[in-house]
Amino acid sequence: MRYEPAVRPLPFLMTPVDREAPERARRLRALGLGSAPDPVFDRFADRLAEVTGAPFALVNFIDEHEQFLSGLHTPDGRSSRALGAAPGPDGPAPGRRMSRDRGFCPYVVVRRKALVLGDVRDYPRFAGNPVVDDTGVRSYLGAPLIDRTGIALGTVSVADTEPRPWGRPGLETIKAMAAELTDEIRHREDGLL
């Protein structure tokens with residue numbers, strides 16, 4: 001006699017369910033965000049890395065299908081080697097696009113709350129993320145960019161290849177930096193109207 005389970009177990013979801021993605025994508029298009037590198041956002045990422053002492057800093061916009069790093073700071077200063085970029089035959093793919101299943105920013109956007117991971121390996125949900133194995137990310141700190149309409153457009157975040165005790169000071173810093181960039185986006189929008 002063969003036993004067949006009545007219900008098959010669901011696969012573990014690496015990316016959270018994001019019901020706001022279509023509305024977010026429309027809003028990003030209306031604002032002209034998330035499709036090209038932006039020197040203002042690159043400078044912001046540089047400053048974010050300096051303030052936190054992290055080797056990687058991102059301004060990341062997330063649509064229905066992917067993440068786009070409009071602002072990027074890397075230790076070697078070469079933005080074409082994006083943290084967590086999908087690997088190609090010769091290593092990380094050039095550019096700033098990432099699948100939604102890579103990294104931790106999609107969780108920040110869906111939760112609409114800052115996320116502090118001192119050591120990602122301490123969290124089973126995050127330890128198996130591809131950026132942990134592929135790029136060696138060990139710590140993460142990110143906050144959502146929530147616009148005037150209430151939509152979480154993306155994140156500002158930092159990452160390190162070493163565990164980091166970000167603590168409350170790190171949390172307050174990333175939230176303040178997110179608020180600052182949200183104000184910049186609001187000023188840009190006012191210029192568009």
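Computation of the quantities below employed the complete heavy-atom set of this structure, encompassing side-chain atoms and omitting hydrogens, waters and symmetry-equivalent molecules. Numbering of residues begins at 1 and proceeds along the displayed sequence.
- Ile151 contributes atom CD1, which lies 8.5 Å from atom CG of Leu31 (distance to the nearest 0.5 angstrom).
- A 4.5 Å side-chain heavy-atom check between Leu145 and Val156 finds at least one atom pair inside the cut-off.
- Salt-bridge formation is detected for the pair Asp183/Arg186: a Lys NZ or Arg NE/NH1/NH2 atom is positioned less than 4.0 Å from an Asp or Glu carboxylate oxygen.
- Checked by atom type and distance alone, the side chain of Arg96 pairs as donor or acceptor with a backbone atom of Leu69 at under 3.5 Å.
- Side chains of Val116 and Tyr140 form no contact here, defined as non-hydrogen atoms less than 4.5 Å apart.
- Grouping the Ile, Leu, Val, Met, Phe, Trp and Tyr side chains by contacts below 4.5 angstrom, directly or via other members, places Val108 with Val132.
- The pair Glu180-Arg47 meets the salt-bridge criterion, since a charged nitrogen lies less than 4.0 angstrom from a carboxylate oxygen.
- The shortest non-hydrogen separation linking Ser70 to Phe61 is OG-CD1, 3.4 Å.
- Contact check for Leu153 versus Leu28: side-chain heavy atoms found under the 4.5 Å cut-off.
- Two different hydrophobic clusters hold Ile174 and Val109 under the rule that ILVMFWY side chains link at heavy-atom gaps under 4.5 Å.
- Between Arg100 and Glu66, none of the side-chain N atoms (NZ, or NE/NH1/NH2) sits under 4.0 Å from a carboxylate O, so this pair counts as no salt bridge.
- Between Val40 and Arg188 there is a side-chain heavy-atom pair separated by less than 4.5 Å.
- Of the charged side-chain nitrogens involved, none lies within less than 4.0 Å of a carboxylate oxygen, so that Arg29 and Asp63 do not count as a salt-bridged pair.
- Annotation: side chain of Pro37 is in contact with side chain of Phe68 (closest heavy-atom distance under 4.5 Å).
- Here the closest non-hydrogen pair linking Arg97 and Ser35 is NH2-O, 3.7 Å.
- Taking a cutoff of 4.0 Å between a charged side-chain nitrogen and a carboxylate oxygen, Asp190 and Arg148 qualify as a salt bridge.
- Residues Ala159 and Pro55 share a closest heavy-atom pair of O-CD, 3.4 Å.
- Atom CG of Leu181 sits about 4.5 Å away from atom CZ of Phe44, to the nearest 0.5 Å.
- In the hydrophobic cluster analysis, where Ile, Leu, Val, Met, Phe, Trp and Tyr join through side-chain heavy atoms closer than 4.5 angstrom, Leu171 is grouped together with Leu48.
- Listed for the Thr161 side chain is no donor-acceptor partner under 3.5 Å among the backbone atoms of Gly136.
- The distance from atom CD1 of Ile62 to atom OG1 of Thr155, rounded to the nearest 0.5 Å, is 5.5 Å.
- One finds the CG atom of Leu115 at 10.0 Å from the OH atom of Tyr107 (value rounded to the nearest 0.5 Å).
- Under the 4.5 Å side-chain heavy-atom criterion for ILVMFWY residues, a single connected hydrophobic cluster contains both Tyr123 and Val131.
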CA sep, side-chain torsions, deciding dist, call: Ser139, Trp166, side-chain contact (heavy atoms from CB on, under 4.5 Å): CA-CA 9 Å; Ser139 60; Trp166 303 108; 3.6 Å; yes

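- Judged by distance alone, the side chain of Gln67 and the main-chain N or O of Arg102 form a donor-acceptor pair under 3.5 Å.
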Residues Phe56, Val158; criterion side-chain contact (heavy atoms from CB on, under 4.5 Å); working and verdict: CA-CA 5 Å; Phe56 298 96; Val158 294; over 6 Å; no

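- Glu20 has its side chain out of reach of Arg27: every pair of non-hydrogen atoms, C-beta onward, lies at least 4.5 Å apart.
- Taking all atoms of both residues into account, the shortest heavy-atom contact from Ala178 to Pro144 is CB-O, 3.6 Å.
- With values rounded to the nearest 0.5 angstrom, Met98 atom CE is found 6.5 Å from Leu58 atom CG.
- Panel note: side chain Asp42, backbone Leu72; a donor-acceptor pair is recorded below 3.5 Å.
- If you take NE2 on His73 and CG on Asp46, they are separated by 6.0 Å, rounding to the nearest 0.5 Å.
- Among all heavy-atom pairs drawn from Ala57 and Ala45, the shortest one is CB-O, 3.2 Å.
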Stepwise salt bridge (Lys or Arg N to Asp or Glu O under 4.0 Å) test for Arg24 and Asp18: CA-CA 10 Å; Arg24 178 181 318 104; Asp18 185 357; 2.7 Å; yes

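- Linking ILVMFWY residues whenever their side-chain heavy atoms come closer than 4.5 Å, directly or via other members, leaves Ile146 and Leu33 in distinct clusters.
- Using a 4.5 Å heavy-atom cutoff, the side chains of Val137 and Asp160 are not in contact.
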Salt bridge (Lys or Arg N to Asp or Glu O under 4.0 Å) between Arg43 and Asp38, worked out: CA-CA 9 Å; Arg43 286 191 296 276; Asp38 187 311; over 6 Å; no

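- Remark: Glu172 CD is packed, more than 12 non-hydrogen atoms of other residues, nucleotides or ligands lying under 6.0 Å away.
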